[in-house]
Amino acid sequence: AGFFVYNRTSANVLGTGHVIRSYQAIVSAHTAHLNEDECGAPEKFGGSKILQLETKDGKIRPEQILPLLGSIGFQHHSQPKIISISQVTELGTVYKPEEVKALADFAHAHDMYLHMDGARISNAAVSLGKDFKSFTVDAGVDVLSFGGTKNGLMFGEAVVFLNKKLAVDFEYTRKQGMQL
């Protein structure tokens, strides 16, 4: 299920914020747009903490997330719920389909979701020589922020729930986010 919004920040913030509770957290690379370039919007409007991981190449790996799982069930800590990756990363690296799948499998095994910030997703498809489906749907991505402006549209973005169960009532979240 896809929903149009006006800009990148709203796609990321509303897409992740719709599937997370305020006591839950988003895990991302320290360089990720969601962490660095949204001016605190995920925290302010989504109400969720971002747990940033240091990376050398902008890509996070399942083993980096393992230490964060110790917080699960401990009421004093934010609960990791979403792994958010950028495709292409802000450092220009590209997740291969098997890397996305490994993160999705890890997320799903730990009752988490995988969000992909697809601001430069067309560049990833060209770089990989693959279609979008191979590193989104087939790889287990739950929520995709599709970057319209960086992929040829005059303006606008889309929030695409590849896990359709997560799309329930998103039209209300989008309206409250002033994106209709």
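In this text the structure is predicted, and so the values were computed from the model without any measurement.
In terms of modelled atom types and a separation under 3.5 Å, the side chain of Gln79 and the main chain of His77 share a donor-acceptor contact. Distance alone, capped at 3.5 Å, places no donor-acceptor pair between the Asp169 side chain and the Tyr172 backbone. Side-chain atoms of Arg174 come within 3.5 Å of backbone atoms of Phe4 as a donor-acceptor pair (strictly under, hydrogens ignored). The backbone N or O of Asp57 sits less than 3.5 Å from a side-chain atom of Thr93, completing a donor-acceptor pair. At least one donor-acceptor pair closer than 3.5 Å links the side chain of Glu90 to the backbone N or O of His33.
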Kindly indicate, with the supporting measurements, whether the criterion side chain to side chain contact (heavy atoms under 4.5 Å, CB included) is fulfilled by Leu68 and Leu53. CA-CA 10 Å; Leu68 301 176; Leu53 299 173; 4.1 Å; yes
Report the C-alpha distance between Asp117 and Arg8 in whole Å, list the side-chain angles of each, state the deciding distance to 0.1 Å, and finish with yes or no for side chain to side chain contact (heavy atoms under 4.5 Å, CB included). CA-CA 9 Å; Asp117 178 344; Arg8 164 109 330 262; 2.8 Å; yes
Between Lys44 and Glu38, does a salt bridge (Lys or Arg N to Asp or Glu O under 4.0 Å) hold up when you go through it step by step? CA-CA 10 Å; Lys44 179 177 172 107; Glu38 305 291 23; over 6 Å; no
Show your reasoning for whether side chain to side chain contact (heavy atoms under 4.5 Å, CB included) applies to Met116 and Ile121. CA-CA 9 Å; Met116 179 181 283; Ile121 197 168; 4.1 Å; yes
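Among Glu157, Gln179, Met178, the single residue meeting the side chain to side chain contact (heavy atoms under 4.5 Å, CB included) criterion with Leu14 is Gln179.
Under the 6.0 Å distance and 45° angle rule, Lys81 counts as a cation-pi partner of Tyr113.
Shown here is Lys49, whose NZ atom has no more than 12 heavy atoms of other residues, nucleotides or ligands within 6.0 Å. Within 6.0 Å of atom CZ in Arg21, 12 or fewer heavy atoms from other residues, nucleotides or ligands are found, so the atom counts as exposed in its surroundings. Heavy-atom contacts from other residues, nucleotides or ligands closer than 6.0 Å to CD of Gln75 number 12 or fewer.
Across every non-hydrogen atom of Leu114 and Gly140, the tightest pair is CB-O, 4.5 Å. Taking every heavy atom of both residues into account, Ala124 and Val88 meet most closely at N-CG2, 3.6 Å. Across all their heavy atoms, Lys59 and Val94 have their closest contact at NZ-O, 3.1 Å. Between Ala139 and Pro97 the shortest heavy-atom distance is CB-O, 3.9 Å. Residues Gln64 and Thr55 approach most closely at NE2-CG2, 4.1 Å, considering heavy atoms. Smallest separation of non-hydrogen atoms from Ala41 and Val13: CB-CG2, 3.7 Å.
Note on Val159: it does not cluster hydrophobically with Val137, by side-chain heavy-atom contacts below 4.5 Å among ILVMFWY residues. Ile20 and Val141 are members of different hydrophobic clusters when ILVMFWY side chains are connected at heavy-atom separations under 4.5 Å. Hydrophobic clustering of Ile, Leu, Val, Met, Phe, Trp and Tyr side chains at less than 4.5 Å, counting indirect connections, keeps Phe161 apart from Ile85. Linking Ile, Leu, Val, Met, Phe, Trp and Tyr whenever their side-chain heavy atoms come within less than 4.5 Å puts Leu69 and Ile83 in one cluster. Side-chain heavy atoms closer than 4.5 Å link hydrophobic residues (I, L, V, M, F, W, Y) into clusters, and following such links, even through other members, never connects Ile65 to Ile82.
Ring orientation note: the planes of Phe132 and Phe135 are nearly perpendicular, at an angle over 60° on the 30°/60° scale. The aromatic rings of Tyr6 and Phe155 lie parallel to each other, their planes meeting at an angle below 30°, with 60° marking the opposite boundary.
Between His18 and Val143, every side-chain heavy-atom pair lies at or beyond the 4.5 Å cut-off. The shortest side-chain heavy-atom distance between Phe106 and Leu66 falls under the 4.5 Å cut-off. Taking 4.5 Å as the limit, every side-chain heavy atom of Asp142 sits out of range of all side-chain heavy atoms of Val19. Residues Asn12 and Pro42 fail the side-chain proximity criterion, which asks for heavy atoms closer than 4.5 Å. A 4.5 Å side-chain heavy-atom check between Tyr95 and Ser86 finds every atom pair outside the cut-off. Side-chain contact between Ser28 and Ile60 is absent, with no heavy atoms from C-beta onward closer than 4.5 Å.
For the atom pair OG (Ser127) and CD (Gln87), the distance works out to 8.5 Å, reported to the nearest 0.5 Å. Between Gln52 atom CD and Ser84 atom OG the span is 12.5 Å, to the nearest 0.5 Å. Residue Asn35 holds its CG atom at 10.0 Å from CG of Leu51, rounded to the nearest 0.5 Å. The distance from atom OG of Ser145 to atom CG of Leu34, rounded to the nearest 0.5 Å, is 8.0 Å. Residue Thr31 holds its OG1 atom at 4.5 Å from CG of Leu91, rounded to the nearest 0.5 Å.
No donor-acceptor contact under 3.5 angstrom links the side chains of Thr16 and His115, judged on distance only.
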